[in-house]
Amino acid sequence: MTRLYNFCAGPAALPLPVLEQARDEITDWHGKGLSIMEMSHRSKEFVAVAAQAEQDLRDLLKIPANYKVLFMQGGAHSQFSMVPMNLLRGGKKADYIVTGQWSKKAVGEAKRYADVHIAASTEGNNFTSVPAQHELDLSADAAYVHYCPNETIGGVKFDYIPDVGDKVLVADYSSSILSEPIDVSKFGLIYAGAQKNIGPAGICVVIVREDLLGDTLPGTPTMFDYKVCADNDSMYNTPPTYSWYLAGLVFQWLKAQGGVEGIAVVNHRKAAKLYDYIDNSGFYANPVVKNNRSIMNVPFTLQDAALDKTFLAESEAAGLLNLAGHRSVGGMRASIYNAVSEEAVDALIAFMADFAKRHG
Ligand SMILES: *Cc1c(COP(=O)(O)O)cnc(C)c1O
């Protein structure tokens, strides 16, 4: 069996022990004579799998009891609509902090429902930093403040949690949830598409403070109403059962790695190695302000963009997959999520050094 090093931004690498367990259980789950995929979502077996996944996520992130955990569908993109539909709660205005392509896209969708105020934008510096707390122009009458703690495309990370006073703070944590501890109590709502650090595509986890539920915009589809989802344990309709099961296996794997605290140490070490190498290489560069560099997504450029194609062909041949930057920014990007081992990062750095020596 050959497992190559996968630096894909999403759907991303999954832990090998998770895939192996899924393989072993695929035709006959726990001696029941059928696959977990073929069971009713209302069966006691699947309900137990689903509940265990929720409990493990609660343990990993120390989610307070007054928060609901929802396993939804439609990806983070649907959250761009669900957030205003559920959280305007009679208000009209919402504040958005724009630090990259994803927070910008969230604004585009929110404008269909809300009077969007841009509290800060770093588009002027090409999304290479985050605004400081004192630069946030927060509205007195905003129903909530939305931001993206880790911009997947630009590789930009907030090094602080915005202080929004008594306003509801909403975060798109799609690409950095479970990478390091989060103080959930600072947020009204957190959402994250699964396909980066949680599991396979098909699930979007929403963590929402209970008191925010139940006051949706008129016309909100039933499936977009967080309260309906919460009241039905995320099974108002048929949930993506296999993705949910796999997410549960990832949560158990993560617990075995020392939880979020344990993996955070490894993540910081992996990222520091890669940035140190890039900064000292004289061949590669990363444009992001040091304190705002993502520990999950590391974009970099080569000395000469004409070498990009060669770099991608040679890296792929060397078993290092999916290093092309996002189509909107070009260059390279190494996504080094939880399931990307330190060994993979070491192999990448060794390849980069060899490439630079040959082409520099
Ligand atoms: C990947 C990603 C998205 C989009 O997720 P989908 O599941 O494709 O809708 C949104 N926001 C961030 C920060 C992401 O990394």
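Just so you know, ligand 1 is whichever comes first in the structure, and atom 1 is the first atom listed for that ligand.
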So, for [X] and [Y], is the gap between ring centers shorter than 6.0 Å?
X: Y113; Y: F80; result: no
X: Y96; Y: H146; result: yes
X: H326; Y: W102; result: no

Heteroatom proximity flag, N150 to ligand 1, N/O under 3.5 Å: no

Close N or O approach (G193, ligand 1; < 3.5 Å): no

Side-chain donor-acceptor pair under 3.5 Å between [X] and [Y], yes or no?
X: E109; Y: H77; answer: no
X: T128; Y: N125; answer: yes
X: S129; Y: N292; answer: no
X: N150; Y: N297; answer: yes

Looking at ligand 1, does [X] have a heavy atom less than 4.0 Å from it?
X: K105; result: no
X: E151; result: no
X: G10; result: no

Which of the ligand 1 atoms, numbered from 1, are nearer than 4.0 Å to a heavy atom of [X]:
X: T152; value: 12 (C), 13 (C), 14 (C), 15 (O)
X: S175; value: 15 (O)
X: G75; value: 7 (O), 9 (O)
X: C148; value: 13 (C)
X: A76; value: 3 (C), 4 (C), 5 (O), 6 (P), 7 (O), 9 (O), 10 (C)
X: H77; value: 4 (C), 6 (P), 8 (O), 9 (O)
X: Q195; value: 5 (O), 6 (P), 7 (O), 8 (O)

From CA spacing to verdict: side-chain contact (heavy atoms from CB on, under 4.5 Å), F224, S81: CA-CA 8 Å; F224 274 29; S81 322; 4.1 Å; yes

Any E261 side-chain heavy atom under 4.5 Å of P181 side chain: yes

Closest approach of any protein heavy atom to atom 2 (C) of ligand 1, naming residue and atom: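 Here the closest protein heavy atom is K196 NZ, 2.5 Å.
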
Nearest-neighbour protein heavy atom for atom 11 (N) of ligand 1, which is reported as residue plus atom name and distance: D172 OD2, 2.6 Å

